[in-house]
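Heads up, the thing below is written out as structure tokens.
Chain naming here is simple, since letters A, B, ... match the order of the sequence lines and numbering starts at 1 in each. Please read these numbers as outputs of a predicted model, since none were measured by experiment.
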Protein chains: 2
Amino acid sequence: MKRAKKKVFADFMSQRGLKSTKQRDIILDSFLSSDRHLSIEELYLKLRSKHPNIGYATVYRTLKLFAEAGIAREMQFGDGQTRYEHVSEGEHHDHLVCTRCGHIEEFENETIEKLQDEVANSRGFLIERHRLEIYGLCANCRK
Amino acid sequence: MKRAKKKVFADFMSQRGLKSTKQRDIILDSFLSSDRHLSIEELYLKLRSKHPNIGYATVYRTLKLFAEAGIAREMQFGDGQTRYEHVSEGEHHDHLVCTRCGHIEEFENETIEKLQDEVANSRGFLIERHRLEIYGLCANCRK
DNA sequence: ATGCCAATGAATGTCACTTTCATGATGGCG
DNA sequence: CGCCATCATGAAAGTGACATTCATTGGCAT
């Protein structure tokens with residue numbers, strides 16, 4: 001799966017006439033082996049220890065590229081930071097966000113999706129995408 | 001309903017030992033007679049023509065007060081601005097957001113709410129609040 | 001190896017808040 | 001009514017998270 005995404009990204013890059021660089025390789029590796037909902041800052045700090053020569057701007061621009069290439073998606077969970085989520089083709093899910101520890105869980109619910117379609121149809125709305133987030137305390141923080 | 005909210009706000013203010021001022025009265029009036037999803041900037045500009053003496057900071061602080069008093073709620077729809085929505089007691093709704101014209105519609109769906117509770121329960125999650133937004137083209141913009 | 005064009009990173013700019021601070025109002029009290 | 005402790009206001013400065021600029025570096029096709 002990591003391999004598949006590297007392929008997707010490489011294809012995207014060559015298709016756009018963009019170059020392969022050490023930094024991009026490192027950032028992609030690090031992204032793919034990270035938490036599924038990482039902010040620019042978090043990824044930048046994670047890299048900094050091993051690769052102090054990679055700048056914030058490069059991480060920022062590279063994550064944007066991932067999003068354009070379709071292997072990442074920008075998300076906002078209300079903590080003031082944009083987070084980049086791993087995208088697997090054809091997959092969609094929603095989120096449970098812990099307001100205490102920041103933990104993010106994913107879930108899927110086909111019925112909810114269908115009901116959303118119905119709502120949109122009844123209003124003449126053409127759905128492009130949606131977001132559903134449930135905020136509260138995770139099982140761990142409830143103790 | 002406007003009257004009721006003014007009462008709620010007045011009570012909140014006196015309970016907190018805060019003062020009634022011309023500016024706050026004007027901002028409250030303007031807020032209550034506005035679109036249901038207004039940003040600080042929008043409300044500020046709306047006021048500016050008639051009351052050039054009211055500063056941005058005052059609008060900003062007053063909207064925060066409305067939120068604390070429970071007559072408004074802060075919302076993010078991904079356009080980079082915080083919007084303040086009118087809150088009616090005990091009412092909850094979700095949103096359809098037009099990505100072309102910015103139009104925001106509200107909807108309620110009891111079944112979706114229940115399914116969310118089920119999802120949260122199955123994960124041991126204690127729900128505080130949730131947000132569901134459907135982005136796409138409104139009936140008008142589809143033409 | 002060479003040259004063109006993209007990539008990098010330090011620095012700077014932008015935007016939407018958010019806070020500060022000197023000045024101006026409010027309202028309880030005598 | 002007048003005093004004055006507080007709160008409120010608004011211009012300006014500060015913040016934080018991006019987003020862009022620009023001089024320099026570095027891929028890679030030839």
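When each of B:M13 and A:A57 is assigned the nucleotide of DNA chain D with its nearest heavy atom, B:M13 is the one assigned upstream, toward the 5' end. In terms of position along DNA chain C, the nucleotide closest to A:G17 lies nearer the 5' end than the nucleotide closest to the other residue of the pair A:G17 and A:V59. Ranked by how close their nearest DNA chain C nucleotide is to the 5' end, B:L18 and B:I40 are led by B:I40.
Atom CD1 of A:I134 is separated from atom CG of B:L126 by 11.5 Å, given to the nearest 0.5 angstrom. The NZ atom of A:K6 sits 7.5 Å away from the CG atom of A:D25 when rounded to the nearest 0.5 Å.
Among the heavy atoms of the strands lying under 4.0 Å from B:R61 is at least one base atom, whether or not backbone atoms are also near.
In this structure, the CZ atom of B:R24 is 14 Å from the C1' atom of C:dG24, given to the nearest Å. The distance between atom CD1 of B:I54 and atom C1' of C:dA25, rounded to the nearest whole Å, is 14 Å. Atom pair B:Q23:CD and D:dA11:P shows a separation of 11 Å (rounding to whole Å applied). Spacing between atom CG of A:L65 and atom C1' of D:dC18 amounts to 16 Å, rounded to whole angstrom units. Nucleotide C:dA7 holds its P atom 12 Å from the CD1 atom of A:I27, rounded to whole Å. Atom P of nucleotide D:dA19 and atom CD of A:E41 are separated by 14 Å, given to the nearest angstrom. Atom OH in A:Y44 sits about 14 Å away from atom P in C:dT8, given to the nearest Å. Rounded to whole Å, atom P of D:dG26 lies 15 Å from atom CG of A:D25.
Inspection of the A:H93 and A:E85 side chains reveals an N or O donor paired with an N or O acceptor under 3.5 Å. Using modelled atom types, one finds a donor on one side chain and an acceptor on the other under 3.5 Å when comparing B:T99 with A:E128.
Between C:dA7 and A:T58, no contact under 4.0 Å exists linking OP1 or OP2 to a side-chain N or O. Between B:T21 and D:dC7, a side-chain N or O to OP1/OP2 separation shorter than 4.0 Å is absent. The phosphate of D:dA19 has OP1 or OP2 within less than 4.0 Å of a side-chain N or O from A:K64. For D:dA17, neither phosphate oxygen OP1 nor OP2 lies less than 4.0 angstrom from any side-chain nitrogen or oxygen of A:T82.
Ring pair B:F31/B:F66 is tilted by interplanar angle, where 30° to 60° counts as tilted.
Of the listed nucleotides (D:dG27, C:dT26, C:dC17), D:dG27 has the atom at the smallest distance from the side chain of A:K19. Picking from C:dT8, C:dC17, D:dA17 the nucleotide with the shortest atom distance to the side chain of B:Y60 gives C:dC17. Residue A:S20 places its side chain closer to D:dC28 than to any other of D:dC28, C:dA16, D:dA17. Each of D:dT9, C:dC17, D:dC28 was ranked by its minimum atom distance to the side chain of B:Y56; first place goes to C:dC17.
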